[in-house]
Amino acid sequence: MARKLGQHFITDQRLLKRIVKAASLCSDDVVLEIGAGYGSLTELLCNHAGKVIAIEKDPVLVNHLNNIEADNLKIIHADALEVDFPYFNKIVSNLPYQISSPITFKFFKYGFDLAVLMYQYEFAKRISAQANTRDYSRLSVAAQYFADARILFKVPKNVFKPPPAVNSAVVSMRMKKTPRGALDEDFFLDVVRASFAHRRKKLKNSLLANLAINRETLKEVPISLLNRRAETLNLTEFIQLSNTLITA
Ligand code: SAH
């Protein structure tokens, strides 16, 4: 159970304070927390924000959370990937790592002002990776399209109870305002996904194999670009590519 739910709890008060401080909370803020656990972060958030919405999947932990005395706390017993989120403007969470990717894409769908999130260190590096590096991936392009993301600090395994197998890092993300450049953001994400489906293949082959487009449409894109591999395109080039394909 613990493994499947990624349960690694933080009790270190200094670390908790550092996370909360990074979110610059005030009484106007409505904070979403995914995976509240025993509520050590939750309680601190309640002291600094106007409202806190804590989502937790494990019924045993929800019972613990219900003992927190705070009239600005709403606890939702649900799987964060399945449930609709109520209104929020900030996100602060020590995330369950096994849902890092889908939950991050869900955050982008909803939109937010600021997110302060604990991720697995490798995942945090991928979020902020630049083109032509080993960590550059679909996640890097999507994250940089929607947000200005940076690693705030690394966190060693031993501050968690029980310690996870991997190192961690706290990442801050500020969502970029619209318009962000893509004429159709869902299509842009499809193009990025298709491009990285085979990262060693030429873009031309990846797009034909993984996107519902034909060779005629691809003629609108410069051949020099189509002969490159996904990992060499920067964000601006992916935006241009998706806009060319959608207007072709
Ligand atoms: N915030 C707490 C616990 C972090 S561990 C702390 O820092 O101490 C991750 C938490 O996410 C666990 O409590 C786990 O039960 C919960 N969790 C795992 N998968 C979840 C999901 N899909 N939806 C909501 N909560 C989930």
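Both ligands and their constituent atoms are indexed starting at 1 by order of listing.
A donor-acceptor contact shorter than 3.5 Å links the side chain of Arg180 to the backbone of Lys176.
A salt bridge is absent between Arg126 and Asp135; no separation between the charged side-chain nitrogens and carboxylate oxygens falls under 4.0 Å. A salt bridge links Glu237 and Arg228; the closest N-O separation between the charged side-chain nitrogens and carboxylate oxygens is under 4.0 Å.
Looking only at protein heavy atoms, the nearest one to atom 15 (O) of ligand 1 is Glu56 OE2, 2.6 Å. The single protein non-hydrogen atom nearest to atom 6 (C) of ligand 1 is Asn94 ND2, 3.5 Å, given as residue, atom name and distance. Among protein heavy atoms, the minimum distance from atom 25 (N) of ligand 1 is reached at Lys57 N, 3.4 Å. The protein atom (non-hydrogen) at minimum distance from atom 18 (C) of ligand 1 is Leu5 O, 3.0 Å. Atom 8 (O) of ligand 1 has its closest protein heavy atom at Ile10 N, 2.9 Å. From the protein, the heavy atom lying nearest to atom 9 (C) of ligand 1 is Gly6 O, 3.4 Å. For atom 1 (N) of ligand 1, the nearest non-hydrogen atom of the protein is Gly35 O, 2.8 Å.
Where the criterion is an N or O separation shorter than 3.5 Å, residue side chain and backbone included, Tyr38 fails it with respect to ligand 1.
Scanning both residues, Arg199 and Arg134, for their nearest heavy atoms gives NH2-O, 3.7 Å. Closest heavy-atom contact between Met118 and Leu15: CE-CD2, 4.2 Å.
Residue contacts with ligand 1 for Leu81 are absent, since no atom lies close enough (heavy atoms, distance under 4.0 Å). Contacts of Gln98 with ligand 1, taken as heavy-atom pairs under 4.0 Å, involve the side chain alone. Contacts between Ala78 and ligand 1 below 4.0 angstrom, taking non-hydrogen atoms only, involve the backbone exclusively. Heavy atoms from both the backbone and the side chain of Asp79 come within less than 4.0 Å of ligand 1.
Interface atoms of ligand 1 facing Leu61, defined by a heavy-atom separation under 4.0 Å, are 13 (O), 15 (O). Near Ser40, the atoms of ligand 1 lying under 4.0 angstrom from a non-hydrogen atom of the residue are 8 (O). Near Ala80, the atoms of ligand 1 lying under 4.0 angstrom from a non-hydrogen atom of the residue are 21 (C), 22 (N), 23 (N), 24 (C).
Counting heavy atoms of neighbouring residues, nucleotides and ligands inside a 6.0 Å radius, atom NZ of Lys74 does not exceed 12 of them.
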Without placing hydrogens or testing angles, list every side-chain donor-acceptor pair under 3.5 Å for residues 207-222, not counting sequence neighbours.
| unit_1 | atom_1 | unit_2 | atom_2 | d |
| --- | --- | --- | --- | --- |
| Asn210 | ND2 | Ser206 | O | 2.9 |
| Asn214 | OD1 | Glu216 | N | 3.2 |
| Asn214 | OD1 | Thr217 | N | 3.0 |
| Asn214 | OD1 | Thr217 | OG1 | 2.8 |
| Glu216 | OE2 | Lys219 | NZ | 2.9 |

Would you mind writing out the side-chain donor-acceptor pairs for residues 28-41 within the sub-3.5 Å range, not counting sequence neighbours?
| unit_1 | atom_1 | unit_2 | atom_2 | d |
| --- | --- | --- | --- | --- |
| Asp29 | OD1 | Asn89 | ND2 | 2.8 |
| Asp29 | OD2 | Cys26 | N | 2.9 |
| Asp29 | OD2 | Lys90 | NZ | 3.0 |
| Glu33 | OE1 | Thr42 | OG1 | 2.6 |
| Ser40 | OG | Ile10 | O | 2.8 |

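A heavy-atom separation below 4.0 Å is not found between Lys4 and ligand 1.
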